[in-house]
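Comments concern the structure below.
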Amino acid sequence: MLYFRQYRFDLASLSLYREEEQIALRPKVAQLLSYFLTHPNQTVTREALLSALWQHGEFREAALTQSITELRQALNDSAQQPIFIKTVPQQGYHWICPVENRIKRRVDLLNKAKWASILMVLFIVGGVGVKTLFTEEQIPYQSVNKRRLIIFPLQNETGVDANTWWGYALEASLREQLHDQFQLMPKSQNAEFETEKNTDKLTLKLKPMQQRFVLEAHYGNQTLQLVVEQLDEQFPSVANQLIIQLKMRKQPNDNTDTPQNQGMSDYYRGVQALMEHGPKLAKAYFDAALLQMPDHLPSQLELAQLSWQLGEIEEAERRFAEISLTSAKVATQARFHLYYGEFYKAQGQFTKALSQADQALLSAQRSQQVELIAMAYQLQADLYWTLQRWEAYQRAMNAAHTLIGSRSFAFSEAQRSFYLANPPAAGPMEKTLLNLQKSRPVLEQAIAYYQQTGQTMSLIQALFAYGQNYLVPVAITEPSLLRALTLAKQGGYEFLEQQILSYLGFYYIQLHQGQTALQYLTQKPIDKRFLPNYEQRHLLIAMAYMDMALQSGDTEALQQAITAYQTLLDSDYLSPVTRANVKLLYAWTWLKAGNISAAEQLTQQAFEAYQQLQLGEVEIYAQYTQMYIHLLKNEPEQAILLMPAHSQSQLVLLYGAVAAQMNHEEELKKQLVAQLADLRNSALLITQLQQLEQQSAATPSVISGLIDAPYSVYCQSKWTIN
């Protein structure tokens with residue numbers, strides 16, 4: 001058995017393990033690892049590897065390259081910042097990690113055993129969990145030795161808006177030529193890192209000059225002016241001149257072939273339109289680009305993405321199917337898999353989406369472009385969350401956060417706060433990445449930056465995420481959401497508009513404005529093929545009716561809620577999490593209608609489902625609902641038995657105190673009342689207990705008349721806190 005870092009490798013069975021987990025390897029990849037481990041600390045030529053492992057075959061070179069890539073992926077290694085396999089240019093590969101045999105490992109363990117208790121104390125005192133350290137090591141890309149670089153959008157001072165497309169083209173060329181030299185910061189982070197001293201900044205201005213143009217560039221303490229004869233497809237050459245004269249690259253780059261087709265200007269006009277004006281105008285430009293460049297992959301890809309976002313699902317499927325990646329650059333391959341993954345996710349085909357996300361990550365890592373890698377991790381995180389794979393979700397979000405900081409929280413976690421009835425989102429009990437507090441200033445910076453630069457699509461997304469941040473006061477979130485909706489409608493961002501409409505429905509339900517919620521939820525129908533949004537919309541419509549019934553006693557709204565919930569349960573398209581939520585909400589509706597038996601059965605089913613799905617934060621809703629039902633059935637002992645230990649839930653403590661009073665357990669009641677009094681916004685509940693004490697008996701009718709029901713969870717939401 002050979003050991004290296006957190007791995008061990010069985011030479012006899014060619015099996016690789018990380019801690020106790022076996023990592024699957026293709027036989028040839030396992031043989032390659034075996035060769036490296038038995039030849040450590042020496043440069044191994046490609047010829048030696050081919051001779052040892054690929055003696056025959058037409059595609060030996062390609063097979064070796066692919067196997068090296070797979071092995072690095074399995075070990076979470078990086079060609080740019082290697083931990084295990086270092087590429088030696090013009091020679092081969094060098095295994096750089098120490099390898100220990102079994103006997104030596106035993107000796108080392110004995111020598112290190114005396115430090116075990118010290119390390120454990122450090123973990124506990126420092127508040128660092130073993131799981132956190134483990135997930136940190138899973139990140140296969142770290143640009144610690146590269147300087148960060150922000151390329152700011154070109155300032156068009158020509159007085160002609162139509163010239164703006166050229167700035168997008170120039171920036172794309174600069175990124176393409178500099179990504180191996182710098183850690184290029186995603187454009188979404190310009191505002192976040194603008195003032196940091198350890199980040200290089202490149203600013204660009206385009207000015208008119210006697211039938212020509214002057215491109216002014218500022219980099220560090222240098223200022224450069226280039227005369228540009230005309231704004232055509234020569235932007236790669238212009239980018240190369242900038243890089244050379246500003247000495248931004250250590251070696252000259254000869255790979256600056258200029259586009260030969262006139263369609264490139266239409267393509268970048270499409271990119272500009274997509275960011276600033278909307279998908280409908282962008283689609284026209286990409287179509288024009290393909291008329292002149294029928295094989296232009298980036299245009300094909302953008303059209304496939306735009307098609308489904310505009311609701312043209314069959315068109316999107318056709319366009320994705322027709323794209324060939326045979327000659328595509330790795331960055332284009334990564335973007336293809338990201339777009340295709342988003343398309344599958346929107347349709348609820350999460351397994352297919354995850355496969356695309358995994359392929360996107362492989363291609364993105366090969367491209368070594370930070371933004372693409374982070375996008376792949378975030379797509380993985382979204383899908384792992386949906387599939388209830390909590391540990392994998394944490395690893396993916398951890399990786400995204402390492403690459404792009406709080407930006408990863410700003411959008412991904414805002415989306416996940418949209419849940420049952422009361423943010424934050426339900427999820428794993430040990431969820432550590434929900435950090436909307438850090439997201440708030442990031443989003444505020446982003447909104448200001450996107451307004452200044454006119455990037456409408458990014459502005460809509462930032463406003464939408466900001467409106468979902470439950471730490472932001474209601475007086476600010478409401479106009480943020482409404483402005484996002486207005487901009488989405490104006491720009492024709494159909495899919496994004498649908499998402500905002502759904503969230504506005506949820507938002508107004510929280511404000512107990514069910515009728516207003518219904519106006520947004522029924523404003524625009526959703527294609528049933530967008531299954532997650534479709535089920536979410538119908539759940540929210542049922543919740544809006546329920547909220548109207550709970551708040552005003554509207555019997556017609558109550559019946560509509562009952563019908564809507566039953567229709568959802570009878571459908572075959574509900575996800576497991578949504579089905580569990582529907583059962584609990586349906587139980588609350590039956591409680592309001594007075595059908596205790598139906599409520600009890602549904603609550604038990606919801607509780608069991610939450611336990612199975614490990615949704616601890618929502619499980620407590622079902623648990624105190626069960627307690628309340630036992631109170632109504634005059635079964636205080638059962639209610640007390642259901643109380644979770646050390647609960648900070650107001651309703652758990654409230655119902656426990658009521659049960660203790662009914663059961664004449666004064667000490668328990670005193671203890672629970674004291675705990676309840678220590679919680680925020682508990683004064684009204686304490687008053688209810690005092691009123692109950694004045695009654696001759698705590699009968700079910702008295703309890704239902706005085707004590708908050710489980711659906712009063714709405715009253716504990718962010719709207720009360722703020």
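Residues: numbered from 1 along the sequence shown.
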message: Q626 vs Q604, test: side-chain hydrogen bond (donor to acceptor under 3.5 Å, both in side chains). Steps then yes/no.
response: CA-CA 7 Å; Q626 289 176 318; Q604 180 61 33; 2.5 Å; yes

- prompt: Less than 4.5 Å apart, any side-chain heavy atom of I686 and any of L676?
  reply: yes

message: Distance alone, cut at 3.5 Å: any donor-acceptor contact between the side chains of D358 and Q380?
response: yes

message: One pair to check against side-chain contact (heavy atoms from CB on, under 4.5 Å): N533 and F495. What are the steps and the verdict?
response: CA-CA 10 Å; N533 283 7; F495 189 75; 3.6 Å; yes

task: Compute whether any side-chain donor of one residue and acceptor of the other, for Y610 and N581, lie under 3.5 angstrom apart.
output: yes

Which atom of K345 lies closest to which atom of A353, heavy atoms considered: N-CB, 3.7 Å

message: Quick one, I541 with L518, criterion side-chain contact (heavy atoms from CB on, under 4.5 Å). Give me CA distance, side-chain angles, the key distance, then yes/no.
response: CA-CA 6 Å; I541 289 173; L518 285 172; 4.0 Å; yes

- request: Considering non-hydrogen atoms only, spot the tightest contact between P525 and Q498 and give its length.
  value: O-NE2, 2.8 Å

statement: Quick note, salt bridge (Lys or Arg N to Asp or Glu O under 4.0 Å) partners involving residues 646-668, not counting sequence neighbours, are none

- prompt: Do Q523 and Q519 get their side chains close enough for a donor-acceptor pair, meaning under 3.5 Å?
  reply: no

field: Parallel, tilted or perpendicular: ring planes of F320 versus Y340, cut at 30 and 60 degrees
entry: parallel

Exam field: side chain Q688 to backbone D708, donor-acceptor pair closer than 3.5 Å: yes

Contacts under 3.5 angstrom, residues 592-600 side chains, donor-acceptor by atom type, not counting sequence neighbours:
residue : atom : partner : partner atom : Å
N595    : OD1  : A598    : N            : 3.0
E600    : OE1  : K633    : NZ           : 3.0
E600    : OE2  : K633    : NZ           : 3.2

message: Test your reading of the model: is there a side-chain donor-acceptor pair from S552 to the backbone of A549, 3.5 Å cut-off?
response: no

- prompt: Between Y503 and F506, does the ring centroid distance fall short of 6.0 Å?
  reply: yes

- prompt: Are E535 and S575 close enough that a side-chain donor and a side-chain acceptor fall under 3.5 Å?
  reply: yes

statement: Closest non-hydrogen contact found for A316 with A304 is CB-O, 3.6 Å

task: Step by step, work out the side-chain contact (heavy atoms from CB on, under 4.5 Å) result for F607 and T625.
output: CA-CA 10 Å; F607 179 73; T625 302; over 6 Å; no

- prompt: Between Y508 and E478, is a side-chain hydrogen bond (donor to acceptor under 3.5 Å, both in side chains) present by the stated rule, with each step listed?
  reply: CA-CA 9 Å; Y508 284 110; E478 185 175 24; 2.7 Å; yes

Donor-acceptor under 3.5 Å (S647 side chain, P644 main chain): no

- prompt: Judged by atom type as modelled, is there a donor-acceptor pair below 3.5 Å linking the side chain of S682 to the main-chain atoms of D678?
  reply: no

Counterpart residues, side-chain contact (heavy atoms from CB on, under 4.5 Å), relative to A392 (two or more places apart): Y384, R389, R395

message: For Q347, is there any backbone N or O sitting under 3.5 Å from a side-chain donor or acceptor partner on R529?
response: no

- line: Sorted by chain and number, sequence neighbours left out, side-chain contact (heavy atoms from CB on, under 4.5 Å) with Q605 holds for K583, Q601, L602

Test item: Y493 side-chain N/O and G278 main-chain N/O as donor-acceptor pair under 3.5 Å: yes

- prompt: Angle class for the Y628/Y655 ring planes (parallel below 30°, perpendicular above 60°, tilted otherwise)?
  reply: tilted

- request: Kindly write out the residues that satisfy side-chain contact (heavy atoms from CB on, under 4.5 Å) with Q612, not counting sequence neighbours, or none if the list is empty.
  value: none

message: For D382, is there any backbone N or O sitting under 3.5 Å from a side-chain donor or acceptor partner on T386?
response: yes

- prompt: Can L459 and Y449 be said to form a side-chain contact (heavy atoms from CB on, under 4.5 Å), step by step?
  reply: CA-CA 8 Å; L459 176 60; Y449 177 75; over 6 Å; no

- prompt: For Q566 and Y586, does a side-chain donor sit closer than 3.5 Å to a side-chain acceptor?
  reply: yes

query: Parallel, tilted or perpendicular: which fits the ring planes of H538 and Y534, with parallel below 30° and perpendicular above 60°?
result: tilted

Donor-acceptor pairs are to be reported for all side-chain atoms of residues 692-700 against protein atoms at under 3.5 Å, with residues two or more places apart or in another chain.
residue : atom : partner : partner atom : Å
E693    : OE2  : K669    : NZ           : 2.5
T699    : OG1  : S701    : OG           : 3.2
T699    : OG1  : V702    : N            : 3.3

message: Can you confirm whether the side chains of Q305 and R319 place a donor and an acceptor under 3.5 Å from each other?
response: no

- prompt: With side chains defined as the heavy atoms from C-beta onward, is the minimum distance between T456 and H277 less than 4.5 Å?
  reply: no

query: What's the verdict on side-chain hydrogen bond (donor to acceptor under 3.5 Å, both in side chains) for Y344 and Q356, showing C-alpha distance, side-chain angles and the deciding distance?
result: CA-CA 9 Å; Y344 280 132; Q356 292 294 329; 5.3 Å; no

- prompt: Do T563 and Y545 come close enough that some side-chain heavy atom pair is under 4.5 Å?
  reply: no

query: Does T477 use its side chain to pair, donor to acceptor, with the backbone of V474 at less than 3.5 Å?
result: yes

4.5 Å side-chain heavy-atom contact, I629 and L591: yes

Distance-only side-chain donor-acceptor flag, H630 / Q638, under 3.5 Å: no

